[in-house]
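Written out below as structure tokens is the structure these notes cover.
Keep in mind that the numbers below use all heavy atoms, side chains included, and drop hydrogens, waters and symmetry copies. The chains referred to below are lettered A, B, ... by the order of the sequence lines, with proteins before strands, and numbering in each begins at 1.
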Amino acid sequence: MDAIDNIYYTNEHEWLKVEGDAGTVGITDFAQSELGDIVYAELPELSSEFKRDEKFAVIESVKAASEIYLPVSGEIIEINKELEDSPEIINHSPYDAGWIVKIRIKDKSELKKLLSKEEYMRLTSE
Amino acid sequence: MPVQYTSIIAEHSAVRNNIGIFDVSHMGEILIEGDESGKFIQGVITNDLQKVNNYQALYSPMCFDDGGIVDDLLVYKFSQKKYIIVVNASNIEKDFDWFLKLKKQQHYSNKSLSIKNMSDYYVQIAVQGPDSAQRLKKFVDLDIENIKFYHFSEGKIFDFPAIISRTGYTGEDGFEFYLNNTNGRKVWQSLIDQKIPPCGLGARDTLRLESGLPLYGNDLSATIKPTETIVKWTVKLYKDNFIGKNALTPAAERKMYGFEMINKGIPRHNYEVFKAGKKIGFVTSGSYAPFLKKYIGLTLVNNLNLSPLDFIQIKIRDELKTAQIVKVPFYSKKYKK
């Protein structure tokens, strides 16, 4: 299980890749592995806004339903439509094809509250 | 048994398409012997033991006086004087104590009725899937193909003595092997060495639900009568007497139905079920069905007659999602008879 550089992480196993004022959000390899076969993703509406750590999506695996929290406050500008018919993409490619939403970041100072790759790896190695 | 060895969906598919094995050694086995063993068992189960011959198995719930279910089990009849009852892992102590209590209450002598908990002695391995007979043939010393559905034989697998029954909990053709502990471990390993995929609890649950089989704790329980469930056919009210008969005689107040989600979402145990804005019941079991690629479930509904194609709503995390009543089993494969 690998974490990729230049990406922020959260305690709840989300990742945020920042690109200017926008960001892409997904769940980590550790999270998809814990969840098992993902069979459904409940995604937010476009243009909806969420605060940092607010639940914006639910991912259901055969085993359980898992709430996904937005790493920083933002507005949803794109959702991954592939997940509607093929939610299992998240299992196979959690950092790439399995991205969940793209957001417009409201307040870049919130990035300070996120974990670095190293801090996240320490979290998941316990 | 872990929830999964690789992935629930992969393991489910292996069993539906080819073959998979389950380490079900946690299940319990209770040996009942004696001249009155048949009479005793007939008096505690709802189904009719007289319908089975030697080397045949019978599925039945076992009830309390109020009609609630103690457990659901398989009775293996070896002879008029010897039976092995296979019970759910979580109910072993409860079932064993229940049998002992009834033996005392009904004044059976030790000579005429002996009840032994053999759960630590036996290990059960289930081999399930359309390729089961074909793959197992060369490792079993008898003609496994000719064991009829719900019948069993005593033979050998990998040269170890075993009870071999053509039963299972997956809706596919398959066999269940009962061996002693030590031999069971060896047989499991030998099967793994043959590259037969091990399957976990997750797939065991999705397989049984998809084929319309109930799970004790979800669809059957002390507060559910078998006459309210998808196994109401196992209650034989024509029998002289059995525990719970009086409570089960009046028509059932609740009914169990199968349903399929129309709006996507996973129905789960205890989710509330509505119709026309009114709560009508709850989900007893629900899951994604990997073979059908649908979201399915069973619901216990209060005093309402529903038919396939009727719509209901399932409350999934604060949102009412539409589902449709369907016939159970959701999936069926021709069993070998």
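At a heavy-atom separation below 4.5 angstrom, chain B is approached by Val58(A), Glu60(A), Ser61(A), Val62(A), Lys63(A), Ala64(A), Ala65(A) within residues 55-68 of chain A. Heavy-atom neighbours of chain B within the stretch residues 36-54 of chain A, taken at a separation under 4.5 angstrom, comprise Gly36(A), Asp37(A), Val39(A), Tyr40(A), Glu42(A). Of residues 74-91 of chain A, those residues lying under 4.5 Å from chain B by any heavy-atom pair are Glu84(A), Asp85(A). Within residues 257-272 of chain B, the residues having any heavy atom under 4.5 Å from a heavy atom of chain A are, by residue number, Lys264(B), Gly265(B), Ile266(B), Arg268(B).
Residue contact with chain A, scored on non-hydrogen atoms closer than 4.5 Å, involves the backbone and the side chain of Ser7(B) alike.
Annotation for Lys102(A): atom NZ counts as buried by contact number, over 12 foreign heavy atoms lying within 6.0 Å. More than 12 heavy atoms of other shown residues, nucleotides or ligands fall within 6.0 angstrom of atom NZ in Lys108(A).
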